[in-house]
Structure formats: C-alpha cells, structure tokens
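Step one of this worksheet: look at the structure below.
Protein chains get the first letters and strands the later ones, always in sequence-line order, with residue 1 at the start of each. This one's a predicted model, so the numbers in the text were calculated from it and none came from an experiment.
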Number of protein chains: 2
Amino acid sequence: MSEDVKFWHLRNHQLFWVLNNSQVRQLCIITNFKRAKKGEMINFGEKESSRIYLLKKGNLKLVQVDEQGNEFIVDIIQQGELFGSLNVEGDDSSYEYAQVLTDRVVLCSFGVSDFERLLSENPTLAISYTKLVGFRLKRVKNSYSNLFFKSAKERLIAFLKDWANREGKINENQVCLDNFLTQKEISQIICSSRQTTTQLFNDWEQQGLISYSRKEIRINNLKALG
Amino acid sequence: MSEDVKFWHLRNHQLFWVLNNSQVRQLCIITNFKRAKKGEMINFGEKESSRIYLLKKGNLKLVQVDEQGNEFIVDIIQQGELFGSLNVEGDDSSYEYAQVLTDRVVLCSFGVSDFERLLSENPTLAISYTKLVGFRLKRVKNSYSNLFFKSAKERLIAFLKDWANREGKINENQVCLDNFLTQKEISQIICSSRQTTTQLFNDWEQQGLISYSRKEIRINNLKALG
DNA sequence: TCCATAATGTAATCTTCCAGACATTTGCCT
DNA sequence: AGGCAAATGTCTGGAAGATTACATTATGGA
C-alpha cells in the first residue's frame, strides 16, 4: 500500500488529529497495513509481538476464551476503532482473539513499543489515547451491567438498539441493519442460548415487528418490541 | 495534613514512580486529602467537579446505578488503587458512586484537569496511566466473563478465591478474611439473590468447610468448596 | 440496657431459559 | 446441479435460582 494511502487513513482518524503532517508521515513508516477476509482470525497476546490495531473498514468481533474453552464475545469493533493490546501489560490466563465478521476488513497496526514511543513524544496524543481507553472501559462496564439485570429478551432488545444506533440505516420509519452476524453469534453476545434468540426473532417476525434474514435485519418499530 | 505526609503517600504509589521528587512536590499542591467513615458515599460524575481518587487506606465499593435503579457493584477498590473518573470524558446515562466499606478510609484526589496537565507534562506518566486503565479494563472483562459461564456457587467460590488472593491472611492452613461485606453485598457482587448466597454459606458451614461471621470469614479448605 | 433496624436463616412457589434432540432450510463449494 | 455443512426452526423436560414471605438473630446507638 502506498505511503499516500496510509497517510490518508491515519490522517482521518480522530485520534491522530492532534498530530501535524510530518508526525503522521513518521507514523506511516512504522505502520503495517493488512487486508483480511471473513472468518479470518487475528491473534494477539504474545507479549513480544503485541500490536495495536486500527480498523479502517469492516467489522470484527473480539472473543475471549477462558480456561474451560468457553467463547465469549467481548466486543464488536467497527470502522475507525482501535483494538488489540490496549492494555499493554502482558499477563495472564485469559486468551483473546479477533475474528473478521464482514466480507473483508482493512486494518493497520503498530507495534506496542513504537506506539509507546510516539505517545511519549506527543503528550497531547497520550491524553487522547488515555481518554479513549477510559471510554472503552466505560463501554464494557455499561454493556455488562446491562446484561445482569435484564432478561434474555430485554438483552436482545438492548443489543439491537445499540447496533441500530451504531450502524443502522433509516428507511422510511424502519431501521435497517446490515447483518453480518449469525443468530448463534448474537446469542454469544447477549449471553443466552441460540434457541432462545431464534425464538425471540420468530415471535417478533410473526407479530410483524421485525424481519430477519442472513443479509439484513429490518426493524419496523424498535419501541414495540418490548 | 502536612506536605510531608502527602509527599510520602504519593511517592509510594507505583504510578508516580516515574516522577522525580520535585514533580511529586508539585503534585502535592494540587492534592486534596480526605478521611471518610463506613457507609459514607462519594459521588463523582458531575462533569465540572470530577476528580480522580487514590485510595490510601481501607476498602470501598464502586456501585453503578442504571435507569431502573438497580444497584450493581462494579468493583471493590482496595488500598493503593486509583478510582473515579478514570475515563475523563463526561458522558452519559449511567450513574456511579463509591461507598466506604471499612471502618474508615483515607484518600487523596486531584481534579481531572490538574491531572491532565500533569499527564501532558509527563508523557511517561501518561503511558503508565494508560496501562493502568488498560489493566483495569482487563480485570473488569475477566470478572464478567467469569460470571456468565459459572453457576451462582462457582461464582461465589471464584469471588472468595479472588478475595483471598488479594487480602487473605493465612493462619495455619486456613485463609482468614477481614469481612467488611454483608451477604447482601456479596450477592450484589456475584449477581445472585441474597438467599442463594446465604444458603451456600450455610451449606459450607455445616460441612465444616467455612466459618462465616460479620467480622471475618475463615476458610478451611478453598479447594474443597467446589 | 433496651430498642429499632439491619443482617441472616429457612422454606415453598414459580419463572426463565438452558440443554438436548431432532427437522428443515440456506448457501457455498466443486 | 448437486451435495454438504452451517444456520435456522421447533419442541421437550428439567434445573437453577429468583421471588415471596416470614422467623430469628445480631448490633449499634439513645
């Protein structure tokens, strides 16, 4: 990928607005670009090779795997978001990987140490980055505390609402979602069984409130679901 | 509180190891010290007044309250930890407060804007701070993903194990915990009903595996609980 | 010391949703 | 086109644990 394109990508990310052009050019040099297709997995966690990723196009899921092998979808990353070793510290038992959800993704990455050097030279960038991580913390806390006090149905509604806010397209009163998730994946996100999720979608479908397909989800009236 | 004592407190926190003495002295000036007693509440969230706290002594809980008024214990903060507006960004719907659990706590705090200025002058500090928040993020993720795949019993065991690791005192094979939590609070942490928690403790008590009182919890054999 | 209040103990229902066990459909690959 | 795997649809019992409803016991403050 040409330096020009790299430049454009980085220049367009909010986080790097505080850098001047020459700094961004510098950043280009340490940056690695990559394309990946649906289903591909991205591993991170090996201390040495740990990298920070910036997702330029597409969506992917962050999956955490515990000792028993349970897979748990921690977060859905969308266009423009950072992910990877935000935490930097090498530690522990839990393993995490990312998997591509959309047909293809474009992402770029820096090694953690390069990124750290950049931060130490640009305090303003360091603060922006700090805020970003803090925001992520808040998001995770929020989405989890949702899960505990809501029934499976409420959790699914909350998930759809969130999704609609993030990426929904409004078509004459309807919200339309590009569906790159299977019902199984949705259940993993909202922590319920696959069957329960299916049941809920079908109930809504029969009431004419929603239209589910593998390509898209159309919601006629978000508020009426409850 | 004298500047000297402030100095000692700050100098001893890992986060500030990267600062030199004169910088720590500077930090002392913007620092506010406070004592609080059991049950007292600390609010943060008002954008203007938001502060970052460093807990010097004691324990407290961070409680998140959602729109329905459900109270959810997000985290237990112990000696030496930072809490408060780690996220810096003022946002949204969810409200969070801290409540003192031990007889008394000692804490110091800075206004967010002062702290930000400090960060911008000390990029290394900013990086340390980022790692800290990242670590917190990891902890939250971990404790949550625990919750979803475990039964109430397993969750309680995991909680006790974690507690034992953090603050347990070993007495001739037994682990002894200073109990500043009620069973109700424990249930809030592990997300089960108060009655279920009570039942579990009593079962263990009858099997002679544990000894619960309001002052202390003594565990004879952590592994045998399962 | 006594009392009000909070914390703990116990039991009987009742709801939710998970876990199988299939059938059916969809969509991709060759 | 045809076949195969993955995704979806549907039904069942059963278990975990919430909820309700009290009884009992501690504890801190007046």
Heavy-atom check, side chain of Trp204(B) versus side chain of Leu160(B), under 4.5 Å: yes
Rounded interatomic separation in angstrom, taking CG from Asn179(A) and C1' from dG27(C): 14 Å
Between Ser151(B) and Glu154(B): side-chain donor-acceptor atoms closer than 3.5 Å: yes
Gln188(B) CD - dA18(D) P separation (whole Å): 13 Å
Ile190(B) side, atom CD1; Lys153(B) side, atom NZ - distance, nearest 0.5 Å: 12.5 Å
Rounded distance in Å - NZ (Lys38(B)) to C1' (dT27(D)): 11 Å
Nucleic acid contacts of residues 197-217 of chain A, taken as heavy-atom distances under 4.0 Å to DNA chain D: Thr198(A), Asn202(A), Tyr212(A), Arg214(A)
Protein-nucleotide distance (Phe180(B), atom CZ; dA7(C), atom P), rounded to Å: 15 Å
Phosphate OP1/OP2 of dG9(D) contacted by Gln183(A) side-chain N/O (<4.0 Å): yes
Base dT12(D) to side chain Gln195(A), donor-acceptor N/O within 3.5 Å cut-off: no
Side-chain (Arg194(A)) to main-chain (Lys184(A)) donor-acceptor, under 3.5 angstrom: no
Whole-Å gap separating C1' (dA18(D)) and CD1 (Ile190(B)): 13 Å
Between dT16(C) (P) and Lys153(A) (NZ): distance, integer Å: 10 Å
Touch class at under 4.0 angstrom, heavy-atom based, for Ser193(B) against every strand present: base
Side-chain donor-acceptor contact under 3.5 Å, Thr197(A) with Gln183(A): no
Atom pair distance, as rounded to whole Å: CZ in Arg194(A) and C1' in dT25(C): 12 Å
Gap between atoms CD and P, on Glu154(A) and dT16(C) respectively (whole Å): 10 Å
Any donor-acceptor N/O pair, Arg155(B) side chain to Cys191(B) backbone, under 3.5 Å: yes
Side-chain H-bond candidate by donor/acceptor type, Gln174(A) with Asn220(A), under 3.5 Å: yes
Any Thr196(B) side-chain N or O less than 4.0 Å from OP1/OP2 of dA18(D): yes
